[in-house]
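One structure below.
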Amino acid sequence: MPELPEVETVKKALEKVLIHHKIVATNTYIDKMRYSVDSLHDVKLNSEIIAFRRRGRYIIVELDSNQCYIIHLGMSGSMRVVVDNEPRKKHEHVLISLDNGMSWRFDCPRRFGFMVLEQLHERGNEPLILAKLGIEPFDEKFTGGYLYKKIHKRKVKIKTLLMDNSIVVGVGNIYVNEVLFQCQISPYRTADSISKKECELLVKNIKEILARAIEAGGTTIADFKGVDGEEGKFVQELLVYGKHGENCPVCRNEIIKEVIGSRSAFYCKKCQK
DNA sequence: AGAGATACCTGGGAGC
DNA sequence: TGCTCCCAGGTATCTC
């Protein structure tokens, strides 16, 4: 389940092996994942890969043809770069051949992810698909004050709101549970009950937990692996996610799992108020 | 417009 | 062991 730290890990790994190589062929083996893959065939041949960016959970790969790939790994997507004649795996839906005999592949069993090609009208322009995204968690403008302003009139539960990527991007279900536990805030609190001070605390912990997860190469729950097949190590640091029935590491009370906004919430009733 | 629910998809785990 | 059922997740899209 790639969240922002996983996506950052994948982006860095891809950049290392793909930068400055040229696209020589595109093969697709499926009509669509979340979106149609047709646009991938519009890539200008021999375009050079010149830059990698990440925006939220999206990876943007810029080409010197003024085109860019926009990639979302969905929940089970992964990338690998192998020699061209390596047999295709069952769910490798997109194979892009490079000028060095390597093959860049998108494996996406559940088809929640996508890969499309867009035009960049002016270099650096935000592709349309990303226009509605909220602030990056590591942006210095992402402060307690910013968060408070965005949420203090909202009636929706804080857990749901922190996962809303029009507020802040990259906080998915794993990390929101960890963040709320660290802040000792119940996932059931409505956003308008969160004080300015608690917003400061939330922002501080979002930044810290995401940074630590990036450091560890992401979290492996079931599906995520980095480009090199290495598993992320942050799973070892999770305190509440997936720990229902176990004891709270702080007070030894039982960690509870309940559904909030149709997603699993893991929390400690005693520690989180 | 805000809030909440649901569809999308398939591997894997639980339960029988 | 083999079968069926259900859950996991981010995002888009729907209704109220």
Side-chain angles (χ1 to χ4, degrees), chain A residues 1-11 28-37 54-60 70-79 89-94 106-116 118 127-137 149-180 187-194 206 210 213 218-225 231-232 234-235 238 240-245 256-266:
Chain A
M1 310 163 191
E3 300 196 43
L4 185 141
E6 285 83 349
V7 176
E8 183 67 24
T9 303
V10 170
K11 189 209 83 172
T28 56
Y29 297 86
I30 197 172
D31 292 337
K32 69 184 211 42
M33 291 177 271
R34 173 168 287 281
Y35 303 128
S36 167
V37 299
R54 179 191 59 71
R55 179 80 176 92
R57 269 175 279 246
Y58 300 82
I59 295 171
I60 302 132
I70 302 171
I71 300 159
H72 195 295
L73 297 173
M75 76 168 281
S76 60
S78 64
M79 296 258 164
K89 287 190 192 172
K90 185 177 174 188
H91 299 291
E92 282 180 343
H93 305 307
V94 177
F106 189 8
D107 188 303
C108 195
R110 283 172 227 189
R111 302 187 202 169
F112 266 34
F114 67 84
M115 183 165 180
V116 296
E118 270 199 15
L128 203 59
I129 200 166
L130 310 178
K132 286 181 292 186
L133 292 179
I135 198 165
E136 286 286 328
K149 199 173 161 193
K150 283 280 185 187
I151 73 171
H152 80 281
K153 287 182 182 163
R154 301 285 300 270
K155 303 263 181 225
V156 74
K157 292 182 182 65
I158 185 64
K159 176 176 184 290
T160 305
L161 208 56
L162 290 176
M163 295 172 68
D164 180 342
N165 69 14
S166 68
I167 309 270
V168 56
V169 299
V171 183
N173 201 43
I174 296 173
Y175 299 113
V176 77
N177 279 294
E178 296 297 314
V179 166
L180 289 171
Y188 284 99
R189 295 264 303 276
T190 54
D192 61 1
S193 80
I194 304 291
I206 287 169
L210 290 179
T219 307
T220 301
I221 298 302
D223 299 306
F224 174 73
K225 280 187 179 146
E231 300 195 344
F234 192 73
V235 68
L238 297 176
V240 290
Y241 182 86
K243 305 286 189 187
H244 50 300
I256 305 293
K257 174 186 176 182
E258 285 166 355
V259 173
I260 298 177
S262 69
R263 291 290 179 250
S264 292
F266 300 88

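So you know, we letter chains A, B, ... as the sequences are listed, proteins then strands, and number each from 1. Everything numeric here is computed off the predicted structure, so don't read it as measured data.
- Nearest to the side-chain atoms of A:Tyr241 among the listed nucleotides B:dA3, B:dC9, C:dA8 stands C:dA8.
- Each of A:Arg154, A:Lys155, A:Lys150 was scored for a salt bridge (Lys or Arg N to Asp or Glu O under 4.0 Å) with A:Asp192, with one residue passing: A:Lys155.
- Between A:Ser264 and the phosphate of C:dA8, there is a side-chain N or O to OP1/OP2 separation shorter than 4.0 Å.
- Of the candidates B:dA3, B:dG11, B:dC9, the closest approach to any side-chain atom of A:Val156 belongs to B:dA3.
- Atom CE in A:Met33 sits about 15 Å away from atom C1' in C:dG10, given to the nearest Å.
- Between the P atom of C:dA8 and the CG atom of A:Leu73 lies a distance of 21 Å, rounded to the nearest Å.
- Residues A:Phe266 and A:Val240 approach most closely at CB-O, 3.2 Å, considering heavy atoms.
- Across all strands shown, A:Lys153 has no heavy atoms under 4.0 Å from either base or sugar-phosphate atoms.
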Stepwise side-chain contact (heavy atoms from CB on, under 4.5 Å) test for A:Lys90 and A:Asp107: CA-CA 8 Å; A:Lys90 185 177 174 188; A:Asp107 188 303; over 6 Å; no
Verdict with supporting geometry, A:Ile158 and A:Ile151, side-chain contact (heavy atoms from CB on, under 4.5 Å): CA-CA 9 Å; A:Ile158 185 64; A:Ile151 73 171; 3.7 Å; yes
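- The residue from A:Cys108, A:Ser78, A:Pro109 that alone fulfils the side chain to side chain contact (heavy atoms under 4.5 Å, CB included) condition with A:His91 is A:Pro109.
- In this structure, the CZ atom of A:Arg111 is 13 Å from the C1' atom of B:dG11, given to the nearest Å.
- Judged purely by atom type and a 3.5 angstrom limit, A:Arg34 has no side-chain atom pairing as donor or acceptor with the backbone of A:His72.
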Letter by letter from the 5' end, nucleotides 11-16 of chain C scores (B base, S sugar-phosphate only, - none; protein heavy atoms under 4.0 Å) BS----
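- The interatomic distance linking A:Asp31 (CG) with B:dC8 (P) rounds to 17 Å, in whole Å.
- Atom-to-atom, CZ of A:Arg154 to C1' of B:dA1 comes out at 9 Å; the value is rounded to the nearest Å.
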Please assess A:Ile194 against A:His152 for the test side-chain contact (heavy atoms from CB on, under 4.5 Å), listing each intermediate value before the final yes or no. CA-CA 7 Å; A:Ile194 304 291; A:His152 80 281; over 6 Å; no
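- As a whole-Å value, the separation of A:Tyr175 OH from C:dG10 P is 11 Å.
- The residue among A:Ser262 and A:Leu161 whose nearest nucleotide of DNA chain B is located toward the 5' end is A:Leu161.
- An OP1 or OP2 oxygen of B:dC9 is reached within less than 4.0 angstrom by no side-chain nitrogen or oxygen of A:His91.
- Residue A:Ile158 contributes atom CD1, which lies 12 Å from atom P of B:dA3 at whole-angstrom precision.
- Going from atom CZ of A:Arg110 over to atom P of B:dC9 covers 13 Å, rounded to whole Å.
- Between A:Lys257 and the phosphate of C:dC7, there is no side-chain N or O to OP1/OP2 separation shorter than 4.0 Å.
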